[in-house]
S.K.: 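Quick one: the structure is below, questions incoming.
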Amino acid sequence: MQPFALPEFYMPYPARLNPNLGRARAHSKAWAHTMDMIDVPQHGTVIWDEGDFDSHDYALLCAYTHPDAGAPELDLVTDWYVWVFYFDDHFLELFKRTGDIDSARAYLDRVALFMPVTGEITATPENPVERGLEDLWNRTVPLRSAGWRRRFTDSTRNLLDESLWELANINEGRVSNPVEYIEMRRKVGGAPWSANLIEHSLHAEVPDSIAAKRPMEVLRDCFADAVHLRNDLFSYQREVEDEGELSNGVLVFEKFLGCSTQEAADAVNNLLTSRLHQFEHTALTEVPGVFEEHGVDPAGRAETFAYVKGLQDWQSGGHEWHLRSSRYMNEGALERRDGPEQLGGPAGLGTSAARIFSSLAATAPQRMRSFQHKPFEPVGPIDQPEITLPFPLTLSPHLDQARENVVGWSQAMGILDGVVWDEHKLRAFDLPLCAAGIHPDATPEQLDLTSGWLTWGTYGDDYYPVVFGTTGNVAGAKAMTERFKLFLPVDDEPMPPPLNALETALADLWSRTTATMARDFRQQFRKAIVDMLESWVWELANQVQNRIPDPIDYVEMRRKTFGSELTMSLCRIGHGRTVPPEIYRTRTIQAIEHSAMDYACLLNDVFSYRKEIQYEGELHNAVLVVRNFLDVGEQEAFEVVANLMAARLQEFQHAVDVALPTLFTDYNLDDAARKTLLAYTGELKNWLAGILNWHEGCHRYTEPELSYRPAAPVTPAAHPFSGPTGLGTSSLKISSLLPTP
């Protein structure tokens, strides 16, 4: 008996079948035999027999997901999928069922020898996984560009290495929280790897100049999330009930929301739908702009559009395969949908169109809710959740002087214009209080610099919606953002004369902060600032469209709008070179940083909800995003956000207490690196404690301050500013964890 009924899926694109299916079936089976994947025991266990291989029908998966690939390309892609599914089952039998994480780590270290970014493979394969990877790597990688090879190597390594995360969770009996799960599932689930193979199968590479830009990364991530969440729905019975797997989205939602399996499955399907809506929105509204911004030539545009279409084909084709493969829970799904069908494909254009219409009709209310929010709605009485942290607060002894110094500095920079801000508001916001908590050991000069960055970021984030949001002038916001980049020189290029207070203050802060920075650290610092600035433009675009963000896109962009990535950048710069750069890219450090970021962002959203929703007509608040996604009331949304805060805090503590010592051992870090990383976790604890203390101690979110206006406001028609209707989310945008200037 199935544990839940499969939901109505959003699938607006008809599935098509590659005419070379028969050839791919024969080829892949012969190849699998050659690689010893069929009927050959591994450590005494047969991973697949011939019946397993035939019923899984990976050639059908690839024929559906790559309908336009030529015959040789389809053969190669099918071999890749045979290999990746074999790896998954091989790893399950040898390590997940036994819990032998040390042997699993050694196994993965050897597999990595067979996928060099450059050069020849020199190792000798010892099992079907290594043998298959050697063959596939040599048949694929030499045909592609250097940029593609880098991306494909990274996604393949992620797919392999993050299997240890799944294994560790099984050994600990630990179910991840939703945000952690989505992030890690992208790596271990392999969909970014599939996206790379789409480029290969169509000979349509995304130009390297835009491959890492937000629109392309969002398309890839939306594709990945939808593929993985769909797979979770179909594979829940096999993974959770048979294999004891804990990495399944339905199980994650079931535990986090405390709901039934059917309710969790419906929530997962709603998130899947939301990600596909985000995919479409990004393709239509953001991709054309990135072409223009980076001067992509017609050939590059055509290849990018072919790639986007390939991602869509994969979604619909993957869904059709899940309905047919014996690997998944799909009993009666075809019959319930549109009557009995042959294995060869959909039953004609009419039934496909009917399914599309049904799909659109079923998911239209969810799409429409995202555009129907009424700004400035009154906020009812809310029982705000109690927020506690297990980290002690320490305040800098230089706080009082910093309060006075930031007022003088703000006056000199022109920030206290009496329109967006005046001295009353600056003192009410008390940004030095935040600086003193998150950087308690700062010298007086450092604390002043920290307070200045916080002031600049807060004023800038209040300025953008006031000046550009009220008129919908996204182009003006982009132009200002581009000018800001001129005040962030990496090689001491001359700055232009500043035109306004934001430019004047940025020039001052950049010069003082980077005076002694090495060039690579300046680049890192600059990127973090630019990411934050561009995220403010993203907020404005949503505001103009009256569009509540997709939940996952919101969480990931919130880290940028909050300045969290800038925080970590500055802190790492302060570490000097005691820690190898690649360590900061490991799963453990990413988990520590992202969980801390998310806790702080959600904390701010809880405190600023009334300010943003009732007084500012904002859309960028986690409580509102949860209200919209789950279609629940304010109180329930607050509770969900509070639960997510608690889950992210638990993940932070788990990563610090359990995963970090393992990282030290796995990478054989020396004492200096270990000491630096332990100190880093202490700095992040100070950061969280200081943020909470500031929210509780400042007046930015109190009713009297929300009603306050400067004495002589100027209307937007007469002045480029208007009243103080800022986002209320950026008072912590730029961290105080600054290195010594």
S.K.: Please give me the minimum heavy-atom distance between S370 and N628, naming the atom from each residue.
M.R.: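 That closest heavy-atom pairing would be OG-ND2, 3.3 Å.
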S.K.: For R157, enumerate each residue passing the side-chain contact (heavy atoms from CB on, under 4.5 Å) test, keeping only those at least two apart in sequence or located in another chain.
M.R.: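 Scan of R157 (side-chain contact (heavy atoms from CB on, under 4.5 Å), adjacent residues dropped) gives M115, T153, D161.
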S.K.: Taking E377 first and then R627, would you say they form a salt bridge - that is, a charged N and a carboxylate O separated by under 4.0 Å?
M.R.: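 Here E377 pairs with R627 in a salt bridge, since their nearest N and O are under 4.0 Å apart.
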S.K.: For the residue pair F85 and W321, is the inter-centroid distance of their aromatic rings smaller than 6.0 Å?
M.R.: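 F85 vs W321: aromatic centres under 6.0 Å.
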S.K.: Report the distance from atom CG of L684 to atom CD of E593, rounding to the nearest 0.5 Å.
M.R.: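 If I round to the nearest 0.5 Å, the distance is 7.0 Å.
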S.K.: Could you give me the CA-CA distance, side-chain angles and deciding distance for L257 and N643, then say whether side chain to side chain contact (heavy atoms under 4.5 Å, CB included) is met?
M.R.: CA-CA 9 Å; L257 295 176; N643 290 339; over 6 Å; no
S.K.: From F371 CZ over to N546 CG, what is the distance, rounded to the nearest 0.5 angstrom?
M.R.: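 Result: 8.5 Å between the selected atoms.
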S.K.: Shortest non-hydrogen contact from A226 to L276?
M.R.: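 So the two residues come closest at CB-CD2, 3.7 Å.
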S.K.: Hey, what's the ring geometry for F234 with H322, parallel, tilted or perpendicular (30° and 60° as the breaks)?
M.R.: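 Because their plane-to-plane angle lies in the 30° to 60° range, the rings of F234 and H322 count as tilted.
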S.K.: Are the ring centres of Y701 and Y609 closer than 6.0 Å?
M.R.: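 Ring-ring flag for Y701/Y609: false, centres at least 6.0 Å apart.
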S.K.: What do you reckon, are the aromatic ring centroids of H277 and Y10 less than 6.0 Å apart?
M.R.: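 Yes, close enough.
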S.K.: Measuring from D225:CG to F279:CZ, what's the distance to the nearest 0.5 Å?
M.R.: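 Taking CG in D225 and CZ in F279, the distance rounds to 12.0 Å.
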S.K.: Closer than 4.0 angstrom, basic N to acidic O: yes or no for K611 and E618?
M.R.: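 Judged by the 4.0 Å cut-off on N to carboxylate O distance, K611 and E618 do not form a salt bridge.
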S.K.: Could you tell me whether E180 and R174 have a side-chain N and a carboxylate O separated by less than 4.0 Å?
M.R.: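 Salt bridge: yes.
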S.K.: Any chance the rings of W536 and H620 have centres within less than 6.0 Å?
M.R.: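 Aromatic pair excluded; centres sit 6.0 Å or further apart.
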S.K.: Which one of R275, R186, R185, R214 satisfies the salt bridge (charged side-chain N to carboxylate O under 4.0 Å, His left out) criterion with D221?
M.R.: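 Going through R275, R186, R185, R214 one by one, the salt bridge (charged side-chain N to carboxylate O under 4.0 Å, His left out) with D221 is satisfied by R186 alone.
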S.K.: For side chain to side chain contact (heavy atoms under 4.5 Å, CB included), just list the numbers for L229 and L233, CA-CA rounded to whole Å, side-chain angles, deciding distance to a tenth of an Å, and then say yes or no.
M.R.: CA-CA 6 Å; L229 293 170; L233 287 160; 5.7 Å; no
S.K.: Could you tell me if the ring centre of Y615 sits under 6.0 Å from that of F376?
M.R.: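 No, too far apart.
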S.K.: Output, in order, the C-alpha distance, side-chain angles, deciding distance and verdict of salt bridge (charged side-chain N to carboxylate O under 4.0 Å, His left out) for R700 and E612.
M.R.: CA-CA 11 Å; R700 186 170 169 86; E612 293 176 344; over 6 Å; no
S.K.: Is the shortest distance from a Lys or Arg side-chain nitrogen in R327 or D88 to a carboxylate oxygen in the other one below 4.0 Å?
M.R.: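 Yes, this pair counts.
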S.K.: Among residues at least two apart in sequence or on other chains, which ones pass salt bridge (charged side-chain N to carboxylate O under 4.0 Å, His left out) with E239?
M.R.: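 E239: no salt bridge (charged side-chain N to carboxylate O under 4.0 Å, His left out) contacts found.
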S.K.: Does E162 come within less than 4.0 Å of R587, counting only side-chain N to carboxylate O?
M.R.: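 Salt bridge flag = yes for R587 with E162.
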S.K.: Only counting residues at least two apart or in another chain, list the ones meeting side-chain contact (heavy atoms from CB on, under 4.5 Å) with V555.
M.R.: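 So V555 forms a side-chain contact (heavy atoms from CB on, under 4.5 Å) with V179, R559, D598.
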S.K.: Begin from the C-alpha positions of K685 and F652 and carry the test side chain to side chain contact (heavy atoms under 4.5 Å, CB included) through to its verdict.
M.R.: CA-CA 10 Å; K685 292 174 182 178; F652 175 84; 4.0 Å; yes
